[in-house]
Each structure stands twice: as C-alpha cells, then as structure tokens.
Amino acid sequence: MAEEKSLNFIEEIIEADLKAGKHTTIATRFPPEPNGYLHLGHAKSICLNFGLALKYGGKTNLRFDDTNPVTEETEYVESIKGDVEWLGFRWAQELYASDYFPQLFDFAVKLISKGLAYVDDSTSEQIAEMKGTPTQPGKDSPYRTRSVEENLKLFAEMKAGQYRDGEKVLRAKIDMTHTNMLMRDPILYRIKHAHHHRTGDAWCIYPMYDFAHGQSDSLEQITHSICTLEFVPHRELYDWFIEKLEIYPSRQYEFARLNMTYTMMSKRKLLQLVNEKHVNGWDDPRMPTLSGVRRRGYTAQAIRDFCDRIGVAKRDNLIDIGLLEFFVREDLNTIGARRMVVFDPVKVVITNYEETKTEMLPSENYPDEGSTVRTMPFGRDLWIEREDFMENPPKKYFRLAPGQMVRLKSAYIIACEEVIKNDKGEVTELRCRYIPESRSGSDTSGINVKGVIHWVSAKHALPVEVRLYDRLFKVEDVSEIEGDFRDYLNPDSLKVQTAYAEPELGNAKRGEHFQFLRMGYFCLDPDSTHSKKIFNRTVTLRDTWTKDKK
RNA sequence: UGCCCGAUGGUGUAACUGGCAACACGCUUGAUUUUGAUUCAAGAAAGUCCAGGUUCGAGCCCUGGUCGGGCAACCA
C-alpha cells in the first residue's frame with residue numbers, strides 16, 4: 001500500500017521530463033572516486049541514484065571517477081563495489097572514466113581545433129596568480145594566443161611524454177574575467193608521470209574532473225546526472241563542454257549532502273583517522289563508512305529506510321544520528337534473536353535451590369507470539385547485572401533490593417534475603433530465595449512483581465568480549481570545529497570489557513544479529529576466534545527510564 | 001565591492017503548484033508488557049527569516065533586505 005508520497009525536487013524534474021517526452025526512460029550513475037571508502041553520505045547518493053532508476057524503470061551505471069592516478073587504488077574499487085552490493089543495488093554497467101581516456105583526448109583535440117583550448121607553459125603559481133579572485137577578474141595568459149597548429153603539436157607532445165610534470169597544461173579558452181571562477185580558462189589536462197591503477201603507464205596526461213565527468217555522462221547517455229551542491233558552479237562548465245563538443249546533453253542536478261550529528265563525512269579526514277590510527281581501519285565500527293557501520297551491525301535495510309526518510313533537498317542539513325539509530329533498532333527489533341548476557345556481574349546464590357541441580361529452561365528467541373525458543377541452564381549460582389540490585393533503592397526502583405522480589409526472565413521469582421560485602425563495602429554476593437511455584441510458564445505462585453531482569457548461570461556462563469561503542473566525536477556539529485578536528489574525538493568512543501553470556505551464544509555466527517536483553521543489539525565481530533567470541537554493540541535499546549534520573 | 005545556492009516545529013522532509021501548515025524522529029502523559037524494550041493511545045511543539053507589494057485569499061508569486069552556505073586545488 002505505497003501511500004501517495006510527495007515527490008522530491010529531482011523526481012519532479014524527472015516526471016516533468018518524462019511527461020514532456022524529453023526522455024522515454026532515465027539513466028543515472030553513481031560516480032565514486034576510488035580514493036577512499038564509501039560512507040553514509042555516499043549511501044544517500046546511492047539510494048537516490050539507484051532508487052530513481054528503479055522507480056522510473058531506468059538504469060544506473062557504477063562509474064569510477066579515476067582521473068587522478070596518484071590517489072586512487074584498486075583496493076578502493078573493490079570495497080566500493082562490495083558496499084554498493086551490500087546496500088542492495090545492482091548496477092547496469094561497471095565503468096571507469098579511465099576507459100574514456102582515448103575519447104577524452106579526442107574531445108580535447110576537437111576543442112583545440114575549434115580554437116577553444118590552448119597549451120599553457122605557465123607554472124602552477126603563475127596560473128593561480130592570473131586567475132584573479134572571486135571579486136577580481138583574472139588576466140589572460142601570455143600563451144593564450146598560440147595558434148591551433150602549435151597547440152595541436154604541443155598537446156601531442158604532452159601526450160607523448162616529452163615534458164615533465166607541471167611543465168605544461170591544456171586549458172579551455174573561455175573568459176578570464178568570468179564571474180564564475182571555474183570559467184576562467186579551466187585546466188583540462190595536466191601531466192602526471194604516474195602509474196594508473198587501470199591504464200598503467202599508457203598515459204602521462206590525465207584529464208581534470210570537469211573535463212572527464214560531464215563527457216563520461218554524455219558518452220553513457222546519462223539523462224540525469226545527480227551530484228552534491230558543491231558542484232553547482234561546475235554546471236556552467238559542464239554545459240559549456242557539452243555545447244562546444246556537440247555531444248549528448250546530459251543534465252546535472254544538485255542536492256544537499258548528508259551531514260550528521262557527532263559525525264564527520266569527509267573522506268580526506270576519515271583517511272587521516274585511519275592513517276594516524278585514531279581508529280582501527282576503515283571498517284572500524286565507530287566509522288561512518290559503510291564497511292564500518294556494517295561491521296557494527298547496522299543493516300542495509302535500516303540505511304535504506306533512513307535515506308528514504310531524510311529526503312532530498314537543496315538546503316544544508318544536520319541530521320540527528322538518533323534518526324539513523326531509530327531505523328537500526330526498528331529493523332533489529334524484528335530480526336535480532338534475544339539472548340541474555342551479564343556485563344557487570346554480581347553473584348546471586350539461591351539458598352533454597354539444590355546445589356547440584358541444573359534445569360534447562362526455555363526462553364523465546366523473539367517477542368512475537370509463536371516465537372521459537374532455546375533453552376538456558378539454571379542453577380543455584382547465577383550472575384545478574386550489578387545495576388539490577390540496589391541496597392537502598394529509590395521509590396520507583398523495581399528490581400532487586402533487600403527484602404524485595406524480582407522476576408528472573410524465563411525462570412523464577414527470587415527474593416533477596418542477605419547482602420554479603422567485602423572489606424571495601426562492595427557487594428560480592430546476594431543470597432536469595434526462589435519461589436518454586438513461580439516458574440515461568442507454569443506460575444501458580446500468585447505473586448506479581450514489576451521487575452524482570454536477565455541472568456546467566458554462573459557455572460555455564462560463556463565469557464565473551466563486548467565492544468561498546470559511542471559517538472566518534474564529542475561535538476554535535478563537527479563542521480563548527482575550529483582548529484584541529486582530532487582534538488574533538490570522543491576518548492570514550494570504545495569500551496572493551498568481558499561479559500558473561502548464556503551458552504547458546506557460543507553458536508553465534510557472522511552476520512547474525514542479537515538483542516542482548518535489556519542491554520542492546522549486538523553482532524559477532526570478525527576478530528572473534530573459536531575460543532573467544534567478540535560482540536560489537538550495534539546500538540543500545542531505547543531507554544526512557546535511566547534518562548530522567550539524570 | 002563580485003557571482004551562485006538556500007531559508008517551514010528541537011531535527012529532517014511535506015503542503016494536491018495560490019485555499020484554514022502535514023509526516024517522521026525526538027519530547028510529555030497514560031495503557032499493555034516475564035526486556036523500564038516492543039506495541040498502543042493521547043498530547044505539547046512552527047503560523048512558515050524580515051519588510052513591503054499583487055490577490056477575495058500568499059509558506060507558495062513580485063520587490064528590497066537579513067541571515068546561512070558555497071566559489072580563488074595541475075583534487076573529485
């Protein structure tokens with residue numbers, strides 16, 4: 001029952017184009033540069049581009065924008081493909097801007113022939129100098145008036161490797177006084193004697209983004225080329241090339257990139273965090289990278305729902321990370337099998353329970369009616385959460401306290417009769433009595449307790465490592481940071497501790513999601529070994545109780 | 001001193017293209033609950049950046065401001 005959802009501005013453009021007969025079908029593309037891992041911001045773009053094609057029966061190409069050999073690597077290509085697939089999308093074709101190097105070269109020759117491009121011998125500094133500023137016009141390069149023949153010859157020599165890096169560039173001849181800085185004779189080709197991850201050493205001149213992107217769109221007959229707002233000023237140049245080259249008129253549309261609280265979405269800075277070891281790699285569960293959130297336990301479904309909900313518009317935004325967490329919980333609530341794990345144990349001894357006895361008690365895996373069950377061993381010695389006991393509880397505390405009763409989930413009701421402490425006054429053991437008739441499922445005790453807590457049999461408990469994650473940054477709006485962003489990293493973003501799990505968790509597998517009762521959603525980390533299971537906390541449970549205590 | 005975008009509850013996105021501002025998250029209250037979770041119900045919260053104008057009628061159109069963002073890499 002897909003409700004009549006209002007269209008975002010790009011969908012409106014597409015529907016208008018379709019209705020006007022401008023296109024009969026649409027083609028989009030997702031164009032990452034393989035110089036880093038994909039993050040949540042890219043997920044928004046992926047969902048948009050692929051989503052549009054799906055909605056309107058078109059296709060989406062995956063095109064790597066690999067025009068700068070010095071920063072790009074095959075490792076990134078592979079991770080990007082994996083991430084897009086994981087998110088659940090299929091591209092029509094896997095393409096590379098570098099595949100178009102021959103055509104792009106011909107385009108450049110065409111521009112030169114039309115007198116619209118020239119080879120400039122100026123240094124990088126001189127070119128910057130002559131470029132002017134946003135408020136001051138630029139000045140023509142002394143090489144601007146070279147003849148077509150000379151330009152053709154020089155450009156061929158550039159390609160042939162007769163010059164060193166930086167010695168010459170090819171520039172478009174547009175207008176050095178243009179109010180749009182990008183139209184002030186932009187550089188089309190630069191010399192880089194560098195090894196390219198795909199073309200190897202075949203080329204020593206490489207096209208700039210502006211001279212590659214639009215033409216690549218055009219060659220693929222992309223109808224709607226969707227990018228982020230910072231490319232708005234590039235559109236004028238994008239259209240200029242299409243017009244002068246007389247090629248298929250792809251059109252560019254821009255939307256606001258995703259920003260999230262306590263999160264940083266700059267590939268450059270994320271790379272820095274990785275290189276400087278502030279995190280343990282691109283897939284560190286604290287990273288906003290897709291590989292990071294995947295390892296953390298976020299699901300593709302949750303991310304798609306999130307991208308769907310945040311919408312697409314042109315105004316700057318800062319989205320509450322809590323919204324993403326909402327969708328993660330929403331999905332995990334239905335797919336996460338329930339398990340009991342005690343994080344900060346305190347011993348409970350059930351004085352009226354036989355010392356050698358072990359009962360296997362069933363407990364449902366999911367909250368729904370017909371849920372499957374697993375069994376949990378129950379015995380005289382148990383672990384419960386330290387915070388589930390209070391010696392002097394406030395009025396509305398309905399867990400365990402001296403003389404107070406609590407329900408052990410899926411087991412019995414117990415009453416605390418004695419508190420044992422060490423010399424430091426710390427509680428070391430709680431001696432309790434259980435109500436035999438209160439067994440879960442066949443409770444005839446008639447006793448009603450409000451509190452229900454999780455537990456695990458001390459004798460059978462499986463020690464596991466849990467990694468508890470918190471926000472990577474201390475500040476809500478990372479874009480407001482002045483000075484070094486690394487000074488604002490949250491020192492408590494990762495807490496590692498040992499916890500005691502019910503035996504069933506020994507069978508946990510990669511890719512499975514769990515809800516550790518009352519503690520949050522977790523998944524098995526790939527660092528796990530046969531003898532040591534490691535669980536990542538994906539997200540905590542919603543908590544409406546502890547929060548108003550603060 | 002320039003050019004280009006944008007402005008709607010705390011946050012994000014809507015408003016059938018000019019007809020009494022809606023949805024989601026978050027928040028509050030209550031019910032249910034063997035997870036203080038989930039679920040369910042109710043509620044608070046903007047009068048649409050400001051000032052003019054057009055109109056019977058403006059969040060939508062026009063004019064002028066204000067504020068925010070972007071633009072001077074041989075990066076994408």
Side-chain angles (χ1 to χ4, degrees), chain A residues 3-8 12 31-33 35 65-68 70-72 97 120 122-124 127-129 131-138 165-171 178-182 184 186-192 205-206 208-210 212-213 227 229-236 254 256 261 267-268 306 309-320 322-327 329-330 333-334 338 340 363-364 367-368 396-399 406-411 413 438 440-441 443 448-454 479 515-520 540-546:
Chain A
E3 250 183 54
E4 207 59 41
K5 223 185 128 198
S6 58
L7 305 177
N8 64 48
E12 281 182 358
E33 182 189 9
N35 67 345
D65 240 331
D66 56 351
T67 57
N68 185 2
V70 307
T71 56
E72 296 154 4
D120 196 329
S122 308
T123 64
S124 170
I127 289 176
E129 178 83 34
K131 193 139 195 178
T133 69
T135 53
Q136 291 162 234
D165 288 8
E167 213 173 321
K168 286 180 165 48
V169 291
L170 181 72
R171 303 177 69 180
H178 205 288
T179 52
N180 181 347
M181 295 288 291
L182 287 159
R184 318 241 260 230
I187 292 171
L188 270 28
Y189 268 91
R190 73 288 214 194
I191 299 170
K192 278 181 193 281
I205 56 171
Y206 291 93
M208 296 289 287
Y209 165 84
D210 284 306
H213 197 91
C227 59
L229 249 29
E230 63 267 32
F231 291 97
V232 169
H234 292 252
R235 189 175 62 230
E236 195 169 10
E254 312 86 9
T261 55
K267 255 204 274 185
R268 208 194 93 243
F306 170 72
R309 188 71 239 177
I310 59 176
V312 179
K314 299 185 78 157
R315 68 185 90 109
D316 290 334
N317 58 77
L318 180 61
I319 297 186
D320 188 345
L323 184 64
L324 210 208
E325 294 179 340
F326 165 80
F327 287 106
R329 291 191 185 101
E330 183 175 70
N333 179 46
T334 67
R338 313 291 128 131
M340 294 197 217
S363 187
E364 65 277 10
D368 1 287
K396 281 223 169 166
Y397 184 85
F398 35 81
R399 303 180 195 173
V406 78
R407 155 77 64 185
L408 294 176
K409 168 77 179 168
S410 297
I413 291 173
S438 68
S440 214
D443 185 350
N448 250 325
V449 293
K450 180 88 173 145
V452 180
I453 64 174
H454 60 279
S479 73
Q515 184 196 107
F516 291 177
L517 243 58
R518 310 203 300 134
M519 303 306 283
T540 58
L541 254 34
R542 184 161 172 265
D543 184 355
T544 48
W545 189 69
T546 57

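Keep in mind it's a predicted model, so treat the numbers as computed, not measured. Throughout, protein chains are lettered first and strands after them, A, B, ... in sequence-line order, and every chain is numbered starting at 1.
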- prompt: Of the nucleotides B:rG2, B:rU17, B:rG12, which has the atom closest to the A:Glu12 side chain?
  reply: B:rU17
- prompt: Taking the same atom, C1', in B:rC62 and in B:rA24, what whole-Å distance lies between them?
  reply: 34 Å
query: So, does the side chain of A:Arg518 form a donor-acceptor pair with the base of B:rG36 at under 3.5 Å?
result: no
Any N/O donor-acceptor pair, A:Arg338 side-chain to B:rU35 base, under 3.5 Å: yes
query: Below 4.0 angstrom, N of the basic side chain to O of the carboxylate: do A:Arg542 and A:Glu330 qualify?
result: no
A:Glu230 atom CD, neighbour heavy-atom count above 12 within 6.0 Å: yes
query: Under the 3.5 Å rule, do the base of B:rU34 and the side chain of A:Arg407 count as making a donor-acceptor pair?
result: yes
- prompt: Looking for any heavy atom pair under 4.0 Å, which part of the strands does A:Gly441 touch: base, sugar-phosphate only, or nothing?
  reply: base
message: Does B:rU39 count as syn, meaning its glycosidic angle lies within 90° of 0, or as anti?
response: anti
task: Ignoring hydrogens and angles, answer whether the base of B:rU34 and the side-chain atoms of A:Lys450 contain a donor-acceptor pair closer than 3.5 Å.
output: no
message: Heavy atoms only, 4.0 Å cut-off, all strands: where does A:Tyr206 land among base, sugar-phosphate and nothing?
response: nothing
task: Summarise protein proximity over nucleotides 42-48 of chain B in one line of letters, 5' to 3': B for base, S for sugar-phosphate only, - for none, counting protein heavy atoms closer than 4.0 Å.
output: -------
- prompt: With the sugar-phosphate defined as primed atoms, P, OP1 and OP2, and the base as all remaining atoms, what B/S/- string results for nucleotides 65-76 of chain B, 5' to 3', for protein heavy atoms under 4.0 Å?
  reply: ----S-BB-BSB
task: Kindly say if A:Arg542 contacts the phosphate of B:rG36, meaning a side-chain N or O under 4.0 Å from OP1 or OP2.
output: no
field: Side-chain donor/acceptor of A:Gln515 to base of B:rU35, under 3.5 Å
entry: yes
- request: Answer syn or anti for B:rG52, where the cut-off is 90° from 0 on the glycosidic torsion.
  value: anti
message: Between the base of B:rU34 and the side chain of A:Ser410, is there a donor and acceptor pair under 3.5 angstrom?
response: no
- prompt: For B:rG36, does OP1 or OP2 lie under 4.0 Å from any side-chain N or O of A:Arg399?
  reply: no
task: Taking atom P in both B:rC25 and B:rG6, compute the distance separating them and give it to the nearest angstrom.
output: 29 Å
message: Both A:Ala256 and A:Glu364 contact RNA chain B. Taking the nearest nucleotide for each, which residue is further toward the 5' end?
response: A:Ala256
Closest to side chain of A:Arg309, choosing from B:rU35, B:rA24, B:rA7: B:rA24
